[in-house]
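We name chains A, B, ... by the order of the sequence lines, and we start the count at 1 in each one. Keep in mind it's a predicted model, so treat the numbers as computed, not measured.
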Amino acid sequence: MTLGLINANPVVHAKKERIARSEDSHAILDFALTNFVRDIRDPEHPYSLEQLSVLSEESITVDDKLGRILITFTPTVQHCSMATVIGLCLRVKLKHYFPPHYKVDIKVSPGSHADEESVNKQLNDKERVAAAMENPNLRQLVDECLYSDENEL
Amino acid sequence: MELKEIQRLEGHTDRVWSLDWNPATGHAGIPLVFASCSGDKTVRIWEQNLSSGLWACKAVLEETHIRTVRSCAWSPSGKLLATASFDGTTAIWENVGGDFECVSTLEGHENEVKSVCWNASGTLLATCGRDKSVWIWEVLPGNEFECVSVLQGHAQDVKMVKWHPTEDILFSCSFDNSIKVWADEGDSEDWGCVQTLREPNNGHTSTVWALSFNASGDKMVSCSDDLTVKVWGTENVGIQSGGGFAPWRHICTLTGYHDRTVFSVHWSREGIFASGAADNAIRLFVDDNESQVGGPQYKLLLKKEQAHDMDVNFVQWSPGEKPMLASASDDGTIKVWELIS
């Protein structure tokens with residue numbers, strides 16, 4: 001990539017201890033899920049989405065009864081052009097983790113992005129998502145966020 | 001009334017995006033045929049067995065498109081099949097003694113082609129795509145296709161193009177929430193946008209995924225990511241003979257029936273329109289004769305919950321005396337349904 005970084009100096013947070021907090025099965029599922037997606041690497045930095053506070057344990061809600069998952073993430077900057085890539089990463093990773101009939105909605109948290117409405121619309125247009133995943137460059141970027149440096153995080 | 005599953009067709013190895021019944025089949029002893037297309041990059045041709053009434057895959061059209069095949073459309077004569085792909089091309093296939101040969105490839109769109117449609121006489125073809133444009137192609141002898149117009153006007157990718165069932169008037173719907181009406185206004189020989197249906201005039205408030213016409217062509221139904229279905233009407237479908245263009249107006253909005261994106265609508269010749277949505281359900285709507293003045297003029301006839309295991313991407317009624325409904329889904333299957341009263 002020839003362009004400069006969108007956010008050159010992100011605030012990096014410590015990774016949290018991973019201990020299940022409750023006996024409640026939903027909380028455990030949410031917790032396991034959060035563990036699963038929070039190690040995704042940021043498209044711009046060698047840090048995980050959790051370390052950059054893009055995702056937290058509260059980001060993910062699962063409704064097993066309806067088979068629905070809602071993920072809300074917070075881009076590090078208001079004009080983050082990587083928001084759609086982060087959305088793709090989350091979608092791809094969840095697809096491997098959940099049964100295929102689960103409906104996944106992905107949004108940026110309210111007020112966290114300058115083009116909130118259009119980013120949300122794009123993130124949930126499944127035709128655009130399908131086309132993006134057939135684009136070799138985007139696919140490679142997503143794969144790098146999901147699978148590279150996994151052990152170092 | 002019941003929507004009864006006749007058959008569940010497996011074969012595609014990825015989501016099925018769309019299908020199209022061959023309009024020249026289903027009468028005079030010709031078995032019903034339809035084509036389906038998928039994220040697995042192939043097109044499948046399905047034919048009904050006249051004695052068993054069941055469908056079987058007769059051909060797999062592969063190794064031509066190198067990405068998702070998003071849309072397919074038979075010419076009115078049923079002899080040619082057009083397929084639109086995310087690989088940026090539209091392929092034209094001819095049925096030669098049961099074998100399908102790719103006889104032409106239409107190139108020009110910058111990237112994903114999302115929809116293809118033939119006009120009523122089979123002389124024009126329209127395509128649209130992510131590059132925000134709508135292309136009109138003239139069908140020439142010898143399987144030649146010449147681009148006669150590139151229509152710009154949509155602000156975002158164009159999801160679907162649909163010709164009016166009798167007139168050479170083209171409709172397109174888009175990620176920009178609008179429906180545009182395009183016509184060749186005669187004197188200039190140039191195609192132009194004659195109307196835009198959008199939010200300030202009761203239009204959709206999110207992506208418009210599809211639209212369909214009733215049998216007489218004076219009504220149109222559209223469906224959207226805004227979870228509504230809207231019915232539109234016009235006084236006069238023609239545009240020629242000196243009269244100007246009769247604009248389309250909003251008749252009613254069906255709200256509260258769908259709770260996830262509505263991807264597909266199709267109006268049967270009998271006046272029933274079906275919707276397919278991301279909540280896995282198929283719904284049928286009919287004219288409500290007992291509607292109060294000012295109230296919605298269409299009512300829910302039935303809802304088939306869990307019609308598929310995943311999103312229903314496409315629904316279409318068959319030709320023939322007793323129409324059947326076919327549906328295509330993210331679950332990789334196609335289902336054929338019969339409406340039983």
Side-chain angles (χ1 to χ4, degrees), chain A residues 60-72 81 83-85 87-88 90-108 110 113-143, chain B residues 14-18 38-41 65-71 84-88 111-115 128-131 155-160 174-177 205-210 224-226 259-261 263 277-280 306 308-314 329-333:
Chain A
I60 301 167
T61 22
V62 180
D63 185 331
D64 277 322
K65 214 168 165 188
L66 286 173
R68 291 185 182 182
I69 302 168
L70 172 66
I71 297 199
T72 310
S81 59
T84 50
V85 177
L88 284 176
L90 293 169
R91 204 172 275 283
V92 171
K93 194 129 190 186
L94 286 168
K95 203 175 146 194
H96 293 309
Y97 189 66
F98 269 88
H101 66 270
Y102 271 74
K103 312 279 183 191
V104 180
D105 294 308
I106 301 180
K107 292 179 176 176
V108 293
H113 199 285
D115 298 314
E116 186 176 325
E117 200 182 327
S118 79
V119 168
N120 284 343
K121 196 174 174 192
Q122 174 122 352
L123 286 173
N124 294 292
D125 180 315
K126 73 173 190 186
E127 188 183 55
R128 285 193 170 200
V129 169
M133 295 320 296
E134 288 186 3
N135 177 321
N137 298 330
L138 267 173
R139 181 81 222 192
Q140 193 189 344
L141 190 55
V142 167
D143 285 346
Chain B
D14 201 327
R15 65 158 59 101
V16 189
W17 276 111
S18 185
S38 163
D40 70 8
K41 310 178 179 69
H65 289 302
I66 55 171
R67 290 196 187 174
T68 286
V69 188
R70 177 65 182 89
S71 157
S85 169
F86 284 179
D87 68 14
N111 37 45
E112 293 93 337
V113 189
K114 300 195 166 180
S115 173
C128 65
R130 198 186 90 186
D131 62 10
Q156 294 284 350
D157 60 323
V158 189
K159 296 297 194 186
M160 186 197 215
S174 165
F175 188 84
D176 71 9
N177 307 354
T205 57
S206 190
T207 305
V208 190
W209 279 97
S224 165
D225 180 54
D226 68 9
D259 62 350
R260 289 186 74 83
T261 307
F263 290 120
D279 60 7
N280 308 353
Q306 289 301 118
H308 282 272
D309 296 335
M310 294 170 70
D311 294 7
V312 181
N313 293 324
F314 200 82
S329 168
D330 273 2
D331 68 15
T333 71

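- Side-chain atoms of B:Asp225 and B:Thr207 form no donor-acceptor pair, as typed in the model, at a separation below 3.5 Å.
- At a threshold of 4.0 Å, the pair A:Asp125-B:Lys159 counts as salt-bridged, since one of the basic side-chain nitrogens sits closer than that to a carboxylate oxygen.
- When heavy atoms are compared at a cutoff of 4.5 Å, B:Asp311 approaches chain A by way of both its backbone and its side chain.
- Counting heavy atoms from C-beta outward, B:Asn280 and A:His101 have side chains that stay 4.5 Å or more apart.
- Remark: B:Asp279 does not engage A:Lys103 in a salt bridge, criterion side-chain N to carboxylate O under 4.0 Å.
- For chain B, no part of A:Glu117 is nearby; none of its heavy atoms comes within less than 4.5 Å.
- Taking chain A as the reference chain and counting heavy-atom pairs below 4.5 Å, the highest number among B:Lys114, B:Arg130, B:Arg15 is found for B:Lys114.
- Salt-bridge formation is detected for the pair B:Asp330/A:Lys126: a Lys NZ or Arg NE/NH1/NH2 atom is positioned less than 4.0 Å from an Asp or Glu carboxylate oxygen.
- Of all the listed residues (A:Asp105, A:Asn124, A:Leu66), the one sharing the greatest number of non-hydrogen pairs under 4.5 Å with chain B is A:Asp105.
- Among B:Asp87, B:Asn313, B:Asp331, the residue making the largest number of heavy-atom pairs under 4.5 Å with chain A is B:Asn313.
- For B:Phe175, the parts lying under 4.5 angstrom from a heavy atom of chain A are both the backbone and the side chain.
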